[in-house]
Student: 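Quick one: this structure, given as structure tokens, is what I'll be asking you about.
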Amino acid sequence: MRSLRDALGQFATGVAVVTAVTRRGDRLGVTVNSFTSVSLDPPLVLWCLSRRAPSAPAFAEAGRFAVNVLAAGQEHLSRRFATPLPDKFAGVETHPAPGEVPVLAGTLAHFACRTVSTYDGGDHLIFVGEVEHFRRAEGEPLLFHSGGYRAFSSPVREMAFGTVD
């Protein structure tokens, strides 16, 4: 299993925090790298969550979620929402999206969604949501590759030089 995980880790991904709010008003948040677009018409995205995650039942019942795409330099948010804490949102600036779902400030993008389907994905749940609201900003993404955070870098462009006779 470890060798499969290591091989899958060779695929570089972005890092996102998925947030939601329960019917009781409790805020949920979890770090994921399993986020992708599914369709533009209708606008659908998906993400996956381990069935063993303590928040899995609450996300399944929430009915809405927001995917917050993290920017370079936001490793602290990734680590915070990946760690079991009594209040993951303490000291984190958020804004309400439609449905009162919290979105994180300073991210590259967020997608506020209504859950349209949840599928069995082996040891994970697959959440599909219809995007109801989104925002994007400019900046570099936070990347994850081979078990660690990575910096995005553009390839060096070679400049052509001539000689003067």
Side-chain angles (χ1 to χ4, degrees), residues 5 8-9 11-38 43-119 121 123-153:
R5 186 175 180 153
L8 291 169
F11 184 70
T13 65
V15 183
V17 171
V18 179
T19 56
V21 63
T22 67
R23 292 184 182 131
R24 290 187 352 213
D26 298 326
R27 295 186 297 178
L28 308 168
V30 65
T31 300
V32 302
N33 67 348
S34 59
F35 166 67
T36 192
S37 63
V38 175
L44 301 174
V45 298
L46 74 74
W47 65 283
C48 303
L49 180 63
S50 172
R51 290 181 179 281
R52 292 178 291 156
S55 59
F59 272 108
E61 293 175 8
R64 293 184 179 283
F65 61 85
V67 178
N68 301 269
V69 179
L70 299 185
Q74 292 185 313
E75 295 94 347
H76 65 286
L77 289 174
S78 175
R79 292 182 197 287
R80 179 175 196 84
F81 285 92
T83 305
L85 296 170
D87 182 3
K88 293 181 180 186
F89 290 88
V92 175
E93 184 181 353
T94 63
H95 305 284
E100 298 303 310
V101 175
V103 294
L104 306 180
T107 60
L108 284 183
H110 73 253
F111 304 90
C113 305
R114 177 181 57 82
T115 304
V116 294
S117 301
T118 304
Y119 297 100
D123 59 1
H124 280 66
L125 295 172
I126 302 167
F127 292 85
V128 177
E130 183 170 2
V131 178
E132 296 180 320
H133 174 268
F134 68 94
R135 182 199 59 80
R136 77 174 198 90
E138 295 296 323
E140 299 296 330
L142 179 60
L143 299 177
F144 197 77
H145 175 261
S146 195
Y149 296 106
R150 304 287 185 230
F152 180 80
S153 63

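Note that the structure is predicted; figures quoted are calculated from it, not measured.
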Student: Does Arg79 have any side-chain hydrogen bond (donor to acceptor under 3.5 Å, both in side chains) partners at least two apart in sequence or in another chain, and if so, which?
Tutor: none

Student: What ring-ring contact (aromatic ring centres under 6.0 Å, His included) pairs are there with at least one residue in residues 48-67, not counting sequence neighbours?
Tutor: Trp47-Phe59, Trp47-Phe65

Student: Could you tell me the separation between the OG atom of Ser55 and the CG atom of Leu49, rounded to the nearest 0.5 Å?
Tutor: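 Rounded to the nearest 0.5 Å, the OG-CG separation comes out at 5.0 Å.
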
Student: Mind checking side-chain contact (heavy atoms from CB on, under 4.5 Å) for Leu108 and listing every partner two or more places apart, or none if nothing turns up?
Tutor: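 With sequence neighbours excluded, Leu108 shows a side-chain contact (heavy atoms from CB on, under 4.5 Å) to Val69, Ala71, Pro141, given in chain and number order.
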
Student: What residues, two or more places apart in sequence or in another chain, satisfy side-chain hydrogen bond (donor to acceptor under 3.5 Å, both in side chains) together with Ser78?
Tutor: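 Ser78: side-chain hydrogen bond (donor to acceptor under 3.5 Å, both in side chains) contacts with Tyr149.
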
Student: Do the non-hydrogen side-chain atoms of Thr118 and Val128 ever get within less than 4.5 Å of each other?
Tutor: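 No, side chains not in contact.
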
Student: Give the minimum heavy-atom separation between Ala56 and Leu125, together with the two atoms involved.
Tutor: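 So the two residues come closest at CB-CD1, 4.3 Å.
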
Student: Would you say Arg136 has more than 12 foreign heavy atoms packed within less than 6.0 Å of its CZ?
Tutor: no

Student: Do Thr31 and Arg80 pair up side chain to side chain, a donor and an acceptor below 3.5 Å, judged on atom types alone?
Tutor: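 No pair is found: no donor N or O on one side chain lies under 3.5 Å from an acceptor on the other.
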
Student: Can you tell if the side chain of Val30 reaches within under 4.5 Å of the side chain of Val17, non-hydrogen atoms only?
Tutor: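 Of all side-chain heavy-atom pairs linking Val17 with Val30, none is under 4.5 Å.
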
Student: Could you state the interatomic distance from SG (Cys113) to NE2 (His133), rounded to the nearest 0.5 Å?
Tutor: 11.0 Å

Student: Any donor and acceptor pair, going by atom type alone, linking the side chain of Ser50 with main-chain N or O of Arg52 inside 3.5 Å?
Tutor: yes

Student: Do the rings of Phe111 and Phe134 sit parallel, tilted or perpendicular, given the 30° and 60° boundaries?
Tutor: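 Rings of Phe111 and Phe134: parallel, as their planes differ by under 30°.
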
Student: Looking at residues at least two apart in the chain, or sitting in another chain, which of them share a side-chain hydrogen bond (donor to acceptor under 3.5 Å, both in side chains) with Glu100?
Tutor: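 For Glu100 there are no side-chain hydrogen bond (donor to acceptor under 3.5 Å, both in side chains) partners, ignoring immediate neighbours.
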
Student: Not counting sequence neighbours, which residues clear side-chain hydrogen bond (donor to acceptor under 3.5 Å, both in side chains) with Arg27? List them please.
Tutor: Thr94

Student: For His95, which residues count as a ring pair (Phe, Tyr, Trp, His ring centres under 6.0 Å) partner, sequence neighbours excluded?
Tutor: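 Not a single residue meets the ring pair (Phe, Tyr, Trp, His ring centres under 6.0 Å) criterion with His95.
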
Student: Could you pull out the closest heavy-atom pair between Cys48 and Val32, with the gap in Å?
Tutor: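 Cys48 and Val32 have their closest heavy atoms at O-CG1, 3.9 Å.
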
Student: Mind checking what makes side-chain contact (heavy atoms from CB on, under 4.5 Å) contact with Ala66, not counting sequence neighbours?
Tutor: Thr19, Asn68, Val101, Val103

Student: If you apply the rule side-chain contact (heavy atoms from CB on, under 4.5 Å), what do you find for Val45 with Val131, and how did you get there?
Tutor: CA-CA 7 Å; Val45 298; Val131 178; 3.8 Å; yes

Student: Does Tyr119 have any ring pair (Phe, Tyr, Trp, His ring centres under 6.0 Å) partners at least two apart in sequence or in another chain, and if so, which?
Tutor: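 If we apply the ring pair (Phe, Tyr, Trp, His ring centres under 6.0 Å) test to Tyr119, skipping adjacent residues, there are no hits.
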
Student: How would you list, by chain and number, every residue that makes a side-chain contact (heavy atoms from CB on, under 4.5 Å) with Arg24, sequence neighbours excluded?
Tutor: Thr22, Asp26

Student: Find the distance between CZ (Arg51) and CG (Asp123) and round it off to the nearest 0.5 Å.
Tutor: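 If we round to the nearest 0.5 Å, Arg51:CZ and Asp123:CG are 8.5 Å apart.
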
Student: For residues Val21 and Gly99, report the shortest heavy-atom separation together with the two atoms involved.
Tutor: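 Distance-wise, the nearest heavy atoms are CG1-O, 4.0 Å.
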
Student: Is there a side-chain contact between Leu44 and Val116 (heavy atoms, below 4.5 Å)?
Tutor: yes

Student: Which residue pairs pass the salt bridge (charged side-chain N to carboxylate O under 4.0 Å, His left out) test when at least one of the two sits in residues 86-98, sequence neighbours left out?
Tutor: none

Student: Please name the pair of heavy atoms, one in Ala137 and one in Thr107, separated by the smallest distance, quoted to 0.1 Å.
Tutor: CB-O, 3.9 Å

Student: For the atom pair OG1 (Thr115) and CZ (Phe127), what is the distance rounded to the nearest 0.5 Å?
Tutor: 7.0 Å

Student: Tell me, which pairs form a salt bridge (charged side-chain N to carboxylate O under 4.0 Å, His left out) where one or both residues lie in residues 57-66, sequence neighbours left out?
Tutor: Arg64-Glu132

Student: Using ring centroids (six-membered ring only for Trp), state whether Phe89 and Phe81 fall under 6.0 Å.
Tutor: yes

